[in-house]
Each structure stands twice: as structure tokens, then as C-alpha cells.
There are 2 protein chains.
Amino acid sequence: MEKRLTPAETYEDLRAQISARHGALSRRLQQIAEFALQHPNEMALETVAAIAERAQVHPSSLIRFGNAFGFDGFSDMQRVFRSRLVDRVPSYGERIKSLRTAKVGGAAEALDSFVEAGIRALEHLRDETRPDSLERAIDVLARAQIIHVVAQRRAFPVAAYLAYALGQLDRRNHLLDNLGGMLAEQARAMAPGDALIAVSYKPYAPETLEVVKRAHGAGIPIIAITDNPLSPLMPLASVAFEVEESKVEAFRSLTASLCLAMSLVVGLGQALERRPKRRLRKGAA
Amino acid sequence: MEKRLTPAETYEDLRAQISARHGALSRRLQQIAEFALQHPNEMALETVAAIAERAQVHPSSLIRFGNAFGFDGFSDMQRVFRSRLVDRVPSYGERIKSLRTAKVGGAAEALDSFVEAGIRALEHLRDETRPDSLERAIDVLARAQIIHVVAQRRAFPVAAYLAYALGQLDRRNHLLDNLGGMLAEQARAMAPGDALIAVSYKPYAPETLEVVKRAHGAGIPIIAITDNPLSPLMPLASVAFEVEESKVEAFRSLTASLCLAMSLVVGLGQALERRPKRRLRKGAA
DNA sequence: GGCGATATGAAACGAAAATTCCATCTCGGT
DNA sequence: ACCGAGATGGAATTTTCGTTTCATATCGCC
């Protein structure tokens with residue numbers, strides 16, 4: 001109880017303390033220290049009894065271990081191990097606090113915020129996107145005669161980019177841009193053998209949803225890029241991607257969506273090179 | 001207890017089931033479903049009482065939620081959420097080397113590359129953008145009667161986004177989209193007192209350059225977003241931003257440009273709040 | 001509008017877990 | 001070898017938490 005110097009807030013700090021004081025600890029406490037460094041996951045999630053069993057020590061030693069490092073019991077220390085699981089934001093993390101200090105209101109601060117939000121969104125995209133979803137989506141696109149792309153309002157730039165990039169690949173594509181309010185007519189151009197990429201965020205544009213429903217009814221495979229697992233696009237989509245765009249001041253970024261879009265296009269290009277069955281020549285307007 | 005069809009072993013499966021059955025669940029269970037999808041970390045680590053508090057439901061509903069998906073109570077389901085934390089992606093460092101080794105052109109590798117490129121582009125943007133350039137650009141925009149936006153081809157999505165975002169600010173704006181090949185005619189709408197945002201990358205679209213020249217001749221201030229200090233837009237621009245978009249496989253990202261665009265818009269919004277002289281009402285189509 | 005079924009919330013229950021207490025053990029110093 | 005301080009393990013204790021039960025509310029249906 002004498003050593004109440006160090007509460008230790010982050011996992012990295014605690015890890016350092018355990019390493020440093022390891023030699024000075026009693027036998028059981030050393031045992032626990034080694035186990036803790038080697039199995040941080042179990043330290044975070046298991047119960048005292050289970051950990052004691054695995055580490056071959058008595059349960060009460062675990063409480064003493066926590067106390068030895070300034071915690072108020074084992075559970076108190078376990079919170080630090082748990083925090084490691086939650087905010088595993090590998091490369092970033094500490095950089096954030098440096099910009100927190102900056103003053104508010106300037107445009108430079110807005111830029112900082114958006115850069116930060118963009119990086120977050122990208123890392124989230126990387127960590128949460130399942131590789132097989134990408135593969136399946138690319139497979140769908142590789143088989144499609146014509147790739148239709150639909151999005152409205154905030155999501156529209158993503159569709160515009162997709163149409164441009166698919167054109168660069170010599171891939172027939174069709175941007176349903178609702179020009180002249182003729183979205184429904186444009187949607188009639190979708191035929192069996194085609195595919196549809198739909199991008200929509202909350203509040204989901206009803207026009208986009210209509211197009212998706214029509215495609216679904218016609219048996220056309222749908223690749224959805226949306227922002228929520230409960231999005232109305234989800235149940236209709238053959239492959240769905242969820243991008244979480246962190247927002248700043250009510251403005252959401254498109255960073256992650258565009259990154260995903262590019263990855264789809266480049267992945268498609270690679271797939272077509274590998275199996276160059278029918279490369280189609282003409283890009284549609 | 002009747003629905004004992006589905007044990008659900010992995011987090012991804014559970015997530016899919018929650019999404020699928022969301023509509024068919026009762027009100028409280030839907031509430032929990034949404035919370036669970038949005039806060040998987042808390043679902044994994046917090047206690048029943050804490051989660052119930054955060055999700056604004058009664059603790060017992062959480063047990064029912066678990067039962068509804070075939071689990072034997074809440075703790076049983078929580079194991080699945082915890083598994084997600086344990087066997088997560090190894091985290092940045094290891095991820096990179098696995099990408100270095102297995103670079104056989106899968107789509108996941110393309111995604112990793114784009115995420116990395118995007119992060120680099122954003123950091124470069126943050127480090128190289130001069131704060132006073134932002135301030136001056138925002139000042140120009142704040143004084144403008146109508147903000148015209150022009151971009152073609154690859155840069156067009158940036159313009160589309162700018163037009164959307166400026167509209168959200170109730171800022172009069174005009175997207176010169178070259179619809180019907182009438183870009184020159186659209187450019188005639190520019191009048192003294194307006195401003196122009198032009199976005200163009202190599203190879204610089206001649207149409208865009210034409211518009212910029214015309215604006216310059218008419219004494220309309222120009223904000224340029226471009227990719228090179230030698231860009232033809234540079235000498236004509238009142239304020240110029242240089243964004244370096246790192247490219248992957250001949251595809252350049254728009255990440256940094258969009259981030260800059262958002263920062264301009266939000267900065268403009270803040271500036272207008274601070275000195276709310278004439279807030280204009282109507283956004284142009 | 002009433003009735004049954006289902007959903008929901010409050011409280012009680014029981015189990016499990018963390019922590020404390022205390023007796024015993026270990027070991028270093030004299 | 002003895003003594004004492006600290007370490008250790010077993011068991012008791014107390015707290016916390018998950019779950020169950022039951023009364024009430026809500027909703028859909030006839």
C-alpha cells in the first residue's frame with residue numbers, strides 16, 4: 001500500500017511499469033507480470049479465477065498485483081488492459097491531442113479537423129472492410145455488361161468519380177445522374193447481365209432507392225456503398241460496403257467512399273488483366 | 001425460446017443477422033440492434049446495466065435480445081462481441097508487412113495501398129497548406145455574390161461536391177458542368193462581384209482553362225485547386241492551392257482535394273457566422 | 001371497443017466474481 | 001535455531017452482475 005505513486009492510465013505505460021519493476025517483485029507477482037505481458041488479451045477479458053488458473057497463481061495474488069501497481073483492485077487494472085483492445089488506433093492516436101490545443105474558429109483548424117476525420121475514416125475503412133466483400137464485388141463488376149452507377153446529392157460526387165474511372169478502364173458504364181428529372185427513364189436502361197453500383201447515405205435519397213429496387217426486381221446484382229448496416233440498401237444489395245464518414249460541423253467527408261471506389265476500380269482492372277475474356281471496347285457516354 | 005435456429009459464432013455472422021432481422025424485431029430490440037451495430041466495443045466490454053443505460057433500454061431487454069438471436073442469455077452473446085476485439089486485424093504495423101509480402105494484386109491490397117496513399121495525401125495537405133491562403137480564399141468567397149465552380153473530367157467530382165456543400169450553406173453558387181457542351185455559355189453567367197473556384201489537374205482540361213481565362217479577363221477573383229506549381233491556372237489565380245495526390249496504379253485519388261474543399265466550405269461558414277453581413281438566401285441549381 | 005398475445009419494466013433472486021481476512025509458510029537477519 | 005516481516009493460499013465475505021419472475025402496458029386483431 002505504500003507505493004501509491006502510479007495509477008498508470010494507458011496500456012503502454014502499464015506495460016513499461018511492469019517491465020521496469022519486474023525484477024523487484026515477489027515470486028508470484030513476477031509470475032503474473034510475465035503472464036500479463038504475454039497474454040494481454042486474457043488479462044483484459046477473463047475473470048480473476050480464470051486468469052489465476054491459467055497463470056498458475058492464486059486469485060488473491062492477482063488483486064495484490066493490481067494493488068502493487070497503484071490500482072484499486074484487479075478490476076481497476078483490468079480497465080487499462082481493456083482500453084488497449086478498444087482504442088487500437090495504431091499509427092494515429094497521440095497526434096490528435098496536439099491539434100486539440102490549437103485555437104478554434106480559424107480555417108486552418110477546420111482543415112486540421114478534416115484531415116483528422118479523413119484519416120480516421122480511412123483507417124476505419126481499412127480495418128473493417130472484409131477482403132472477400134471486395135472480391136465478390138469485383139467479380140460482379142467483371143461479369144457485368146454495363147455498369148450503372150447511381151447516387152444523388154451528397155453521394156453524387158462518388159458516382160461521378162466511379163463513372164470517370166470505369167471509363168478509363170474501357171469499361172462500359174452509365175451514370176444515372178437524374179438529368180432533367182429523367183432518373184426513372186435512365187433506370188430503364190438497366191438490363192439483365194448488367195450491374196448497378198448505388199451510393200447513398202442517410203437520409204437515403206428516395207430516388208436512389210427507387211432505382212435500386214427496380215434493379216433488384218430485375219435480378220440485376222447491386223453493389224451498395226452506404227453508411228449504416230441498417231440502410232435500406234442493405235437487404236437489396238448483392239454486396240454491401242459500409243463506410244463510416246466521421247463528420248465535422250455537420251459536414252461529412254467523402255474520403256472513405258472515394259477511396260473504396262478507387263479500390264474497386266483498380267481491383268477490377270487487375271482482375272480483368274488476369275482473365276481478359278471479353279474486354280469491351282466502347283465506353284458509354 | 002421458439003427461435004433456436006441460430007447460434008451465430010462469429011461477429012460478422014451476428015452482425016449480418018442483426019441487420020437482416022432488424023425490421024422484424026420489436027421496438028426495444030430494434031433500439032438495441034442499432035446500438036449494438038454502432039457500438040460493438042461497448043457491447044463487448046460493458047456490463048448489462050451500463051449498456052442498458054447507454055442504449056436507453058431496460059436491462060432485461062438485453063437478455064431478451066440475446067435470446068432472440070439464439071443465445072443463452074446476454075453473456076453468451078457478449079462472447080461473440082468480445083471475439084471481435086481479440087482476433088482483430090493485427091493493427092497497422094503488421095498489416096503493412098503482410099501487404100508487402102502478399103502483393104499478388106488482390107483487391108484488399110489495392111485498398112490498403114489507397115488508404116495509405118490517402119493518409120499521406122492528407123498529411124501532406126495539412127503540413128503544406130498555408131493558413132493565410134485559406135484565410136484569403138475564404139475572404140474572397142465571403143465577399144462573392146455568386147460562387148461559380150468549374151472542373152472537368154477527373155476533377156469534376158470535387159466541383160460537384162463544392163456545389164452541394166455551398167448550397168448547404170445557403171450560399172449562391174453555380175456549377176459549370178458543361179452540360180450540353182454549353183460551358184462557354186454557362187461561363188457568361190459570371191459577373192463582377194462573383195468568384196470562381198476552378199479545379200484542374202494534369203492534363204489540364206482546356207475547357208476549364210478557358211473559363212478561368214475568361215474570369216480573369218473580367219476581373220473575377222479565382223481560387224484554384226490544382227496539382228502543380230507549374231499549372232496553367234497558377235498565374236491567373238488570386239489564391240492557389242497545390243494538392244499532391246499520390247497515385248496508385250495510374251489512378252490518382254481525390255482525397256486531399258475533397259478535404260481541402262470541405263475545409264474551405266466550413267471555414268466560409270464560420271466566417272459568415274462571425275460577420276453575418278449579407279447572408280444570401282437562394283442556392284442556384 | 002374488448003380481448004388475447006406480445007412486449008416491456010420493476011423488483012427479486014441466485015449465481016458468480018472480486019475482494020478481504022486470517023492462518024500458515026518462507027526466508028533473511030541475528 | 002529463532003524471530004519477524006513479508007508473501008502466500010485457503011476460505012469467508014461482500015459486492016456486483018446476470019437472469020428470472022411477474023405485473024403492467026401496448027399493440028394488433030376480431
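Both B:Arg27 and B:Pro59 sit near DNA chain D, but only B:Pro59 has its closest nucleotide nearer the 5' end.
In this structure, B:Leu62 places its CG atom 13 Å from C1' of D:dC17, rounding to the nearest Å. Put simply, CG on A:Asp72 is 12 Å from P on D:dT16, counting in whole angstrom units. In this structure, CD1 of A:Ile63 is placed 17 Å from P of D:dA12, rounded to the nearest angstrom. Computed from coordinates, the B:Asp76 CG to D:dT19 C1' distance equals 13 Å when rounded to whole Å. The interatomic distance linking A:Arg28 (CZ) with C:dC25 (C1') rounds to 12 Å, in whole Å. In this structure, B:Phe65 atom CZ and C:dT8 atom P are separated by 12 Å, rounded to whole Å. Rounded to an integer number of Å, the gap from CG of A:Asn67 to P of C:dC21 is 12 Å. The CD-P distance, from B:Gln78 to D:dC17, rounds to 12 Å in whole Å.
A:Arg28 and A:Gln31 form a side-chain donor-acceptor contact under 3.5 Å, judged by distance and modelled atom types alone. Judged purely by distance below 3.5 Å, without hydrogens or angles, the side chains of A:Gln186 and A:Asp177 pair a donor atom with an acceptor atom.
Taking only side-chain atoms of B:Ser60, from C-beta outward, the nucleotide of C:dA18, C:dA10, D:dT19 with the closest atom is C:dA10. Comparing atom distances between the A:His58 side chain and each of D:dG9, D:dT19, C:dT8 picks out D:dG9 as nearest. Nearest to the side chain of A:Phe74, among C:dA17, D:dG9, C:dT19, sits C:dT19. Considering only side-chain atoms of A:Ser61, the nucleotide from D:dG9, D:dT19, C:dT19 that sits closest is D:dG9.
Stacking of B:Arg21 on the aromatic ring of B:Phe69 is recorded, both the 6.0 Å distance cut-off and the 45° axial limit being met.
The residues B:Glu42 and B:Arg54 are annotated as salt-bridged, a charged nitrogen and a carboxylate oxygen being separated by less than 4.0 angstrom.
Within the structure, the salt bridge (Lys or Arg N to Asp or Glu O under 4.0 Å) test picks out no pair touching residues 191-210 of chain A (sequence neighbours left out).
Judged by distance alone with a 3.5 Å cut-off, a donor-acceptor contact links the side chain of B:Arg64 to the base of C:dG9.
Distances shown here put every side-chain N or O of B:Ser26 at or beyond 4.0 Å from the OP1 or OP2 atom of C:dT6.
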